[in-house]
Amino acid sequence: MAEGRTGTLTVLYFAWLRERTGLAEEQVSPPASVTTVGGLIDWLAARDAGHAAAFAHQAAVRCAVNQDFADAATPVRPGDEVAFFPPVTGG
Amino acid sequence: MAEGRTGTLTVLYFAWLRERTGLAEEQVSPPASVTTVGGLIDWLAARDAGHAAAFAHQAAVRCAVNQDFADAATPVRPGDEVAFFPPVTGG
Amino acid sequence: MARVAVQEADFASGEEIAALIRGRTDIGGIGCFIGTVRETAAGRRLVAMTLEHYPAMTARALQAIAAEAETRWHLLGCTVIHRVGRLLPGENIVLVAAAAAHRQAALEATGFLIDWLKTRAPFWKKEHFLQGGDAWVAARSEDEAAASRWQTGGAIP
Amino acid sequence: MARVAVQEADFASGEEIAALIRGRTDIGGIGCFIGTVRETAAGRRLVAMTLEHYPAMTARALQAIAAEAETRWHLLGCTVIHRVGRLLPGENIVLVAAAAAHRQAALEATGFLIDWLKTRAPFWKKEHFLQGGDAWVAARSEDEAAASRWQTGGAIP
């Protein structure tokens with residue numbers, strides 16, 4: 001289905017979110033009701049134990065949509081690249 | 001006289017004080033009444049036109065006695081090295 | 001335009017500083033900060049540290065941070081280099097440098113660059129302990145506080 | 001013990017920074033400031049600058065400034081190098097560097113070193129103008145104000 005294909009998002013995980021999900025990257029097709037980062041997190045966390053563990057403490061999770069910092073209210077659209085990671089610790 | 005010899009001070013001039021006095025260094029033997037930097041300045045300024053020009057604006061003159069910053073009230077004693085210079089401008 | 005690099009290889013601090021000055025006579029001062037790997041973290045000895053990053057975002061984030069510094073302090077040159085991969089104690093992690101007509105701008109911009117980089121560039125450190133095991137470094141509230149000093153725009157105290 | 005030098009020759013910034021870190025694993029950051037000769041001073045073009053100093057006092061003054069920084073910020077290394085003699089536009093004048101366990105100490109100490117050096121070390125600059133003539137640089141009240149920030153001891157804002 002065209003709708004199914006355009007509904008695909010790329011999701012990236014870094015640091016301990018990568019370790020808990022066991023994934024560096026995945027392509028996902030959430031239902032049309034998922035329209036924000038917050039909705040995407042809820043949907044991802046329900047997928048399996050690894051995702052649930054990664055998102056268990058949402059206060060410790062940061063996000064970027066298309067390489068810009070985002071928050072739970074940020075819209076997500078088909079084709080977006082959504083990244084989840086802990087607070088940054090470089091420098 | 002022993003007193004004359006022990007009464008000798010080394011006076012150094014830097015930057016425009018050196019240029020105005022025409023001297024980088026001189027040995028001077030002020031009278032015993034000269035006991036402070038302020039007294040020494042007054043005595044030096046009376047020596048000739050160059051010294052008078054160097055000390056004409058005392059607010060712009062800084063001083064060190066034996067390589068430590070000093071002021072008009074700092075005592076000077078025979079054998080001391082007294083340096084006069086403008087405010088520093090290094091760095 | 002700032003020089004920004006993310007690389008596994010070490011950098012040469014002197015070469016980076018020299019490149020900012022070379023051929024120019026309008027620079028009065030260059031501020032620089034170099035971060036290095038400490039062997040001890042919260043009392044535990046490290047054998048190494050791994051720096052992970054988000055490649056598609058990192059270069060953009062560093063460019064944005066450098067551009068902000070260039071604008072705020074009218075910089076005449078700006079360099080940000082961050083290493084990734086496995087680093088040993090004593091090794092370089094990061095270099096930031098800012099060239100300006102006057103020292104206050106150069107030094108303030110240097111502080112800004114490293115404070116913002118620490119809170120806005122997508123790097124994550126993992127520490128590998130001598131006694132075995134490893135752990136992701138937790139973000140420090142002091143770093144957030146340091147970065148928040150620069151929020152109001154313009155120069156600071 | 002700080003490395004302090006007064007010299008006519010140029011210095012190698014990278015070598016000085018590397019010397020602070022070499023063989024050590026307790027340093028988390030190095031702050032550095034390098035001052036260079038600007039070609040323009042108050043709208044007039046320079047052909048050169050001459051740095052005069054008071055040799056018997058300079059080394060002592062720089063050691064005292066460095067020792068103060070080492071004590072206040074628990075530095076793990078400190079370098080102060082100041083050139084004297086005739087310098088051309090674009091040339092290095094001064095390098096100060098401070099190594100510490102954490103970046104805030106390294107950067108604050110770097111600012112302190114250059115601020116105090118500018119007001120407490122016996123150097124005097126003379127500018128030689130392209131149009132002919134020369135003039136001693138006047139001390140800047142901003143430099144006094146910058147140095148006075150550090151008077152109260154301890155760390156600053």
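Quick note on labels: first sequence line is chain A, next is B, and so on, each numbered from 1. Computed from a prediction, not measured in an experiment: that's the story for all the values here.
- In terms of heavy-atom proximity, D/Met57 sits nearest to B/Gln67 at CG-O, 3.4 Å.
- Taking a 6.0 Å sphere around CZ of D/Arg44, one finds it holds 12 or fewer heavy atoms contributed by other residues, nucleotides or ligands.
- Residue contact with chain B, scored on non-hydrogen atoms closer than 4.5 Å, involves the backbone of D/Ala121 exclusively.
- Minimum heavy-atom separation, D/Ala56 to B/Glu81: CB-OE2, 4.1 Å.
- In this structure, CZ in B/Phe84 is found 10.5 Å from OH in D/Tyr54, a value given to the nearest 0.5 Å.
- Comparing D/Arg120, D/Glu144, D/Arg83 by how many heavy-atom pairs each has under 4.5 Å with chain B, the most go to D/Arg120.
- The main-chain N or O of B/Trp16 is never found under 3.5 Å from a side-chain atom of D/Lys126 such that the two would form a donor-acceptor pair.
- Using a 4.5 Å cut-off between heavy atoms, B/Arg18 contacts chain D through its side chain alone, with no backbone atom that close.
- When all heavy atoms of B/Val88 and D/Ala139 are compared, the closest pair comes out as O-CB, 4.1 Å.
- Contact between B/Asn66 and D/Arg60 at its shortest, heavy atoms only, is O-NH1, 3.3 Å.
- Interface remark: B/Ala64 contributes side-chain atoms only to the contact with chain D (heavy atom separation under 4.5 Å).
- At a 4.5 Å heavy-atom cutoff, the contact between D/Ala138 and chain B is made by backbone atoms alone.
- The neighbour count for B/Gln27 CD, taken as heavy atoms of other residues, nucleotides or ligands under 6.0 Å away, is above 12.
- At least one side-chain heavy atom of D/Trp124 sits less than 4.5 Å from a side-chain heavy atom of B/Thr89.
- Residues B/Glu19 and D/Trp136 form a side-chain contact, since some pair of their non-hydrogen atoms from C-beta on lies under 4.5 Å apart.
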